[in-house]
Amino acid sequence: MITAESGPTPTEGGECRLEELLIDRIAGLLEGCRHVAVGVSSPIPGSAALLARHLSGGATRVSVLGSRHLQSFTDGGVEIFDLAAQGRIDAFFLSGGQIDGSGNINLVGVGEYPTQKVRWSGSFGSAYLYYLVPRVILFRLEHSRRTMVEKVDFISAPGTSDRNVFRPGGPHALITNLCLFTFDRDVQRFRLQSIHPGHTLEEVRDNTGFDFEVPSGFGPVPATPAPDASCLALIRGEIASAIADPYPKFAAEVLGHTAAA
Amino acid sequence: MTIDLIIDVDSLAARVPDGAKIALVKTTGGVPMDLVRALIRREVRGLHVVCVPTGGLAVDLLIGAGCVETLETSGVTLDEFGQAPAFGRAVRAGSLRLLDATCPAVYAGLQAGEKGLPFMPLRGLLGSDIAAHRADWKVIDNPFGDDDPIACLPAIVPDFSLLHARQADGHGNLYVGDTREVLLMAHAARKTLATAERISDGNLLEDDAMRAGVIPNVYVSGLAEAEGGSRPLGIPGGYVVDGEHLTLYAEMARDEDGFGEYLDRFVFGRKAAAE
């Protein structure tokens with residue numbers, strides 16, 4: 001769900017929007033994937049997957065749910081889940097109304113279940129795909145103490161499982177409007193990887209309800225690199241054109257895509 | 001042959017008794033909105049609604065109109081038009097028995113149903129609060145493995161699958177194309193009641209290009225012609241969702257009074273605010 005009203009971020013090669021920075025960075029996280037699947041209402045992850053496909057020279061397959069042209073499923077809604085269970089999907093995106101420091105995600109609501117004062121849509125495929133897809137990228141554009149909590153009110157899907165639970169998948173990274181974390185499955189915690197230009201470590205701490213690892217000994221936490229000029233041109237050209245199929249409004253308003261007459 | 005299964009929409013709705021377990025497909029799959037409106041008009045009560053695997057406008061309307069006792073779903077949403085308002089109110093009021101699920105769990109339960117099996121095992125789920133709140137789900141040790149716990153989900157066998165097909169024939173065969181979840185629903189349910197955009201001459205099963213997308217009449221026990229029967233939602237291969245109407249619904253249904261006005265106008269067909 002895209003609600004970000006982002007101003008331009010100054011970069012060496014000019015200016016780029018937060019969305020473009022995220023698309024570029026997420027594409028980096030998808031490097032080497034054979035098959036990336038993207039759920040509904042996900043224009044930024046969808047664009048990132050298409051960029052990863054382009055950068056792979058077409059080796060990465062992309063399936064965008066809800067699109068007629070960017071997926072090839074013929075077995076109905078169950079097919080993506082069957083593919084995931086067979087190990088045929090390497091990366092997927094999930095979000096959460098709440099995400100906690102152990103990687104647990106909550107898509108159900110706030111308060112005591114079932115009579116919750118705030119009820120969200122529901123867990124969709126998360127209680128399955130989170131276990132089975134090796135690189136699940138958590139994506140949330142509102143980074144606040146409301147969304148990044150110490151402990152979720154309801155576990156739609158847990159970040160980690162007992163050793164004997166069949167679990168090839170799980171959280172790989174968490175990317176927000178402020179920063180990028182990776183998830184360390186051994187210590188079951190997030191590690192701050194980079195902070196987006198214009199934001200600070202203090203700001204990340206102030207807006208995060210859980211503890212996380214901060215790399216030490218190498219100076220300050222690095223800034224998330226902005227896409228270079230050629231990558232930006234690619235995002236605003238070829239990628240915008242491709243993502244306009246499922247997300248015409250996003251392609252036009254965010255990436256400046258103008259539909260061919 | 002079975003021409004007597006072809007009736008009108010209100011007569012279809014009359015066949016669904018109070019307390020029935022019904023299956024409805026997700027918003028994009030061909031939701032029988034005309035039939036849902038007819039159910040609300042006949043004031044059906046105590047339904048157990050199985051969302052395949054999620055719900056939208058139809059489910060929100062049924063909940064708001066007081067037709068639903070149990071809701072089995074992986075999510076209820078109006079998609080880009082926002083949260084489902086009647087669903088949210090019912091959750092806060094505690095007036096629904098909620099069976100929260102995850103999409104593949106609904107499919108797995110229906111697959112057990114279509115195979116006549118008692119249950120289906122499924123990966124994932126373990127350690128989630130979804131599983132913690134589903135007393136009807138069990139965890140067993142994989143009998144072919146070694147210390148490999150796996151969830152088992154009971155078969156979902158709806159009393160009725162309700163659907164809207166883009167085309168039907170006079171024999172009661174329904175064309176649903178590649179919307180395979182609708183085929184699955186029909187297989188799993190005891191009975192299928194359908195509406196169709198149009199009922200054509202001939203036999204859909206004789207067209208090789210269509211045959212794989214046909215629900216054969218062996219599953220179908222009632223059919224009504226309803227052109228535009230999924231509106232204001234869309235139907236694959238036909239029309240698309242009416243965004244203006246969904247925006248209006250999301251706006252009106254924000255409180256109970258507005259929801260009631262919506263029902264009056266668009267379900268009961270009464271004049272708005274009758275004076």
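Naming: A, B, ... by sequence-line order, numbering from 1 per chain.
- Remark: A:Arg88 CZ is loosely packed, at most 12 non-hydrogen atoms of other residues, nucleotides or ligands lying under 6.0 Å away.
- For the pair B:Leu126 and A:Tyr131, the tightest heavy-atom approach, listed with the atom from each and the gap, is O-OH, 2.5 Å.
- In terms of heavy-atom pairs under 4.5 Å with chain B, the best-connected choice from A:Ala84, A:Gly66, A:Ser156, A:Ala157 is A:Ser156.
- The minimum heavy-atom distance between A:Gly125 and B:Cys103, with the atom names listed, is N-SG, 3.7 Å.
- Proximity to chain A (any heavy atom under 4.5 Å) is restricted, for B:Ala101, to the backbone atoms N, CA, C and O.
- Counting heavy-atom pairs under 4.5 Å between each of A:Ala127, A:Gly122, A:Ala85 and chain B puts A:Ala127 at the top.
- A:Ser121 OG to B:Gln83 CD: the interatomic distance, rounded to the nearest 0.5 Å, is 4.5 Å.
- Closest approach of A:Lys117 to B:Arg92, counting heavy atoms only: O-CD, 3.2 Å.
- Checked for salt-bridge contact, A:Arg119 and B:Asp100 meet the test: a charged N lies under 4.0 Å from a carboxylate O.
- For A:Glu213, the CD atom counts as densely surrounded, since its 6.0 Å shell holds more than 12 non-hydrogen atoms of other residues, nucleotides or ligands.
- Here the straight-line distance linking atom CZ of B:Arg123 with atom CD of A:Gln86 works out to 13.0 Å at 0.5 Å rounding.
- If you measure heavy-atom distances from A:Arg68 to chain B, the contacts under 4.5 Å come from the side chain alone.
- Note on B:Leu96, B:Thr77, B:Val76: by heavy-atom pairs under 4.5 Å with chain A, the leading option is B:Val76.
- The OG1 atom of B:Thr54 sits 6.0 Å away from atom CZ of A:Phe124, with the distance rounded to the nearest 0.5 Å.
- For B:Asp146, the side-chain hydrogen bond (donor to acceptor under 3.5 Å, both in side chains) criterion is met by no residue, not counting sequence neighbours.
- Residue with the most contacts toward chain A among B:Pro104, B:Gly94, B:Ala151, B:Gly75: B:Pro104 (heavy-atom pairs, distance under 4.5 Å).
- Heavy-atom contacts from other residues, nucleotides or ligands closer than 6.0 Å to CZ of A:Arg236 number more than 12.
- Counting non-hydrogen atoms of neighbouring residues, nucleotides and ligands closer than 6.0 angstrom, the CZ atom of A:Arg189 exceeds 12 such neighbours.
- For B:Ser128 (side chain) and A:Ile155 (main-chain N/O), no donor-acceptor pair under 3.5 Å exists by modelled atom type.
- Salt-bridge formation is not detected for the pair B:Asp129/A:Lys151: no Lys NZ or Arg NE/NH1/NH2 atom is positioned less than 4.0 Å from an Asp or Glu carboxylate oxygen.
- A donor-acceptor contact shorter than 3.5 Å is absent between the side chain of B:Glu181 and the backbone of A:Gly76.
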Please walk me through it: do B:Leu122 and A:Tyr128 pass side-chain contact (heavy atoms from CB on, under 4.5 Å)?
-> CA-CA 9 Å; B:Leu122 192 74; A:Tyr128 182 83; 3.7 Å; yes
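- Counting non-hydrogen atoms of other residues, nucleotides and ligands closer than 6.0 Å to CZ of A:Arg145 gives a total above 12.
- Distance alone, capped at 3.5 Å, places no donor-acceptor pair between the B:Tyr107 side chain and the A:Phe81 backbone.
- B:Ile130 and A:Phe154 get closest at one heavy-atom pair: N-CZ, 3.7 Å.
- In this structure, chain B has a heavy atom under 4.5 Å from the backbone of A:Thr74, while its side chain stays farther away.
- Atom CD1 of residue B:Ile150 and atom CZ of residue A:Phe166 lie 9.0 Å apart, to the nearest 0.5 angstrom.
- In terms of heavy atoms, A:Val165 sits closest to B:Pro149 at CG2-CG, 4.4 Å.
- Heavy atoms closer than 4.5 Å to chain A are found nowhere in B:Thr179, neither backbone nor side chain.
- Environment of CZ in B:Phe119: sparse, with no more than 12 heavy atoms of neighbouring residues, nucleotides or ligands closer than 6.0 Å.
- Put simply, CG on B:Asp178 and CG on A:Asp75 are 10.0 Å apart, with the number rounded to the nearest 0.5 Å.
- Below 4.5 Å, heavy atoms of chain B meet heavy atoms from A:Val108, A:Tyr113, all part of residues 104-113 of chain A.
- Looking at B:Gln111, the atoms closer than 4.5 Å to chain A (heavy atoms on both sides) all sit in the side chain, from C-beta outward.
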